[in-house]
Engineer: 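Quick one: structure below, then a few questions.
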2 protein chains.
Amino acid sequence: MFYTIGEMAKKLGVAASTLRYYDKEGLLPFVERSESGIRMFNDSDYEFLKIIECLKHTGMQLKDIKKFIYLVMEGDKSIDDRLLLFKKRKEEVEKQIEKLQNTLDVVNFKCWYYETAKKAGTTAVPDNMKDEELPEELRKIRTQLKNE
Amino acid sequence: MFYTIGEMAKKLGVAASTLRYYDKEGLLPFVERSESGIRMFNDSDYEFLKIIECLKHTGMQLKDIKKFIYLVMEGDKSIDDRLLLFKKRKEEVEKQIEKLQNTLDVVNFKCWYYETAKKAGTTAVPDNMKDEELPEELRKIRTQLKNE
DNA sequence: GTAGTAGTTAAAGTTAACTTTAAGTCAATA
DNA sequence: TATTGACTTAAAGTTAACTTTAACTACTAC
């Protein structure tokens, strides 16, 4: 079963021009063409594209994803490299989640801050609260925001 | 206590040119200047910059962060708007964490895939494994990657 | 056979967030 | 007084990842 670029783009939820751009950049060396030059995507191409999408979500750049594609093209002799690559991505994503969790902590502090300000009608109230007056889990955050 | 742009940049771990850029874009209307035109940052400016940093980490664009800065400048009458803004950022960050968690699931599948391929010396082994042969938590992921 | 829709390329344009450069000012030290 | 180093601005340059445009070709329906 083959798909045109438009069909595959729809299946993936991206623009067809994005797939053409990826192809131009050398990320899709596996895509076949019809006699008249039209791209013919198949199901294994879909799987490839899903992995490209996944790697992109881990924060990898297209030029590095391209290198991975070429590792796959090399076959079984690049298995070790590919395993290492995914282990690296795992670490990266875990770091990103941790960073977002810290960001969320600050956002939650600010939500509390403005809830408190809203009730009082002024930000002076949360601003002037002593450390003991604020929820325990928020104290560290406020200190971080003020100090070094 | 005042800081020059270089000192504040160092304190924040960014380039001084970045702070100048933010200023040019109107994100730092609160920064004072000396008679000779040199920026003088103080501790409350640091707090502002930490919040700008936080909002940036939530995925907000500078032009939208600028709007927030102007809400702060308006004083207590914009408390409700600011609360709403942070509630929105909270939702956004939670969504991003969820997305990264899904990405991590795929990466973990790929780690297992290449560990298995490494042991066998070929990707044919994990490729040809029946659903029942792979760890339960990975089955859904493989199906997702292959199908729609 | 013609209209319409989807495919093709190459090349130029877009956007965000910086970064660099050039030319100059200012304050402190040798 | 001269040098040094950090500050200033405006403007141009950079980068990644697309997106758009123009000019063309190919398949499908009527």
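Each chain gets a letter, A, B and so on, in the order the sequences are listed, and its residues count up from 1. Bear in mind the structure is a predicted one, so any value in this text is a computation, not a measurement. Scope of the values below: all heavy atoms of this structure, side chains included, with no hydrogens, waters or symmetry mates.
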Engineer: Quick one: hydrophobic cluster around B/Ile38, which other residues, with the 4.5 Å side-chain cut-off, linked directly or via members?
Structural biologist: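 Traced through the cluster, B/Ile38 reaches no other member.
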Engineer: Tell me the interatomic distance from A/Leu19, atom CG, to D/dT20, atom P, rounded to whole angstroms.
Structural biologist: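 Computing the A/Leu19:CG to D/dT20:P distance gives 15 Å.
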Engineer: Determine which pairs satisfy salt bridge (charged side-chain N to carboxylate O under 4.0 Å, His left out) with at least one residue from residues 116-133 of chain B, sequence neighbours left out, and list them in order.
Structural biologist: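 Qualifying pairs: B/Asp131-B/Arg142.
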Engineer: Clusters formed by hydrophobic residues whose side-chain heavy atoms approach within less than 4.5 Å: which one holds A/Leu71, and what are its other members?
Structural biologist: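 Members besides A/Leu71: none; it forms no cluster.
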Engineer: Would you indicate whether B/Glu32, at its atom CD, is surrounded by more than 12 heavy atoms from other residues, nucleotides or ligands within a distance under 6.0 Å?
Structural biologist: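 At most 12 heavy atoms, drawn from other residues, nucleotides or ligands, come within 6.0 Å of this atom.
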Engineer: The criterion is side chain to side chain contact (heavy atoms under 4.5 Å, CB included); which residues satisfy it with A/Glu91, sequence neighbours excluded?
Structural biologist: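 Applying side chain to side chain contact (heavy atoms under 4.5 Å, CB included) to A/Glu91 gives none.
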Engineer: Can you check the A/Glu7 CD to D/dC27 C1' distance for me, whole Å?
Structural biologist: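 For the pair A/Glu7 CD and D/dC27 C1', the rounded distance is 13 Å.
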Engineer: Counting only heavy atoms and a strict 4.0 angstrom limit, can you tell me which residues of residues 28-40 of chain A come near DNA chain D?
Structural biologist: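 Under 4.0 Å from DNA chain D: A/Ser36.
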Engineer: Quick one: ring-ring contact (aromatic ring centres under 6.0 Å, His included) partners of A/Tyr21, sequence neighbours excluded?
Structural biologist: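 A/Tyr21: no ring-ring contact (aromatic ring centres under 6.0 Å, His included) contacts found.
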Engineer: May I ask you to list the residues sharing a hydrophobic cluster with A/Phe2, side-chain cutoff 4.5 Å, ordered by chain and number?
Structural biologist: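 Members alongside A/Phe2: A/Met40.
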Engineer: Within this structure, what is the CD1-to-C1' distance between A/Ile5 and C/dA6, rounded to whole angstrom?
Structural biologist: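 Rounded to the whole Å, the gap is 11 Å.
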Engineer: Mind calculating the distance between CZ (B/Phe2) and P (C/dA27) to the nearest angstrom?
Structural biologist: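 Going from CZ in B/Phe2 over to P in C/dA27 covers 16 Å.
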Engineer: Report the residues that fulfil side chain to side chain contact (heavy atoms under 4.5 Å, CB included) with B/Lys56, sequence neighbours left out, ordered by chain and then residue number.
Structural biologist: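 For B/Lys56 the side chain to side chain contact (heavy atoms under 4.5 Å, CB included) partners, ignoring immediate neighbours, are B/Tyr22, B/Leu62, B/Ile65.
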Engineer: Between atom CE in B/Met8 and atom P in D/dC7, what is the gap in whole Å?
Structural biologist: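 Rounded to the whole Å, the gap is 12 Å.
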Engineer: List, with names and distances, any nitrogen or oxygen atoms from the protein found under 3.5 Å away from nitrogen or oxygen atoms belonging to nucleotides 16-19 of chain C.
Structural biologist:
| residue | atom | partner | partner atom | Å |
| --- | --- | --- | --- | --- |
| C/dA16 | OP1 | B/Lys63 | NZ | 3.1 |
| C/dA17 | OP2 | B/Leu62 | N | 3.3 |
| C/dC18 | OP2 | B/Tyr22 | OH | 2.7 |
| C/dC18 | OP2 | B/Lys56 | NZ | 3.4 |
| C/dT19 | OP2 | B/Thr18 | OG1 | 2.8 |

Engineer: Please report, rounded to the nearest Å, how far the C1' atom of D/dC7 is from the OH atom of B/Tyr3.
Structural biologist: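 My rounded result for the distance is 19 Å.
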Engineer: Compare side-chain N and O positions of B/Thr4 against OP1 and OP2 of D/dC7 and report whether any pair is under 4.0 Å apart.
Structural biologist: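 Affirmative; the distance criterion is met.
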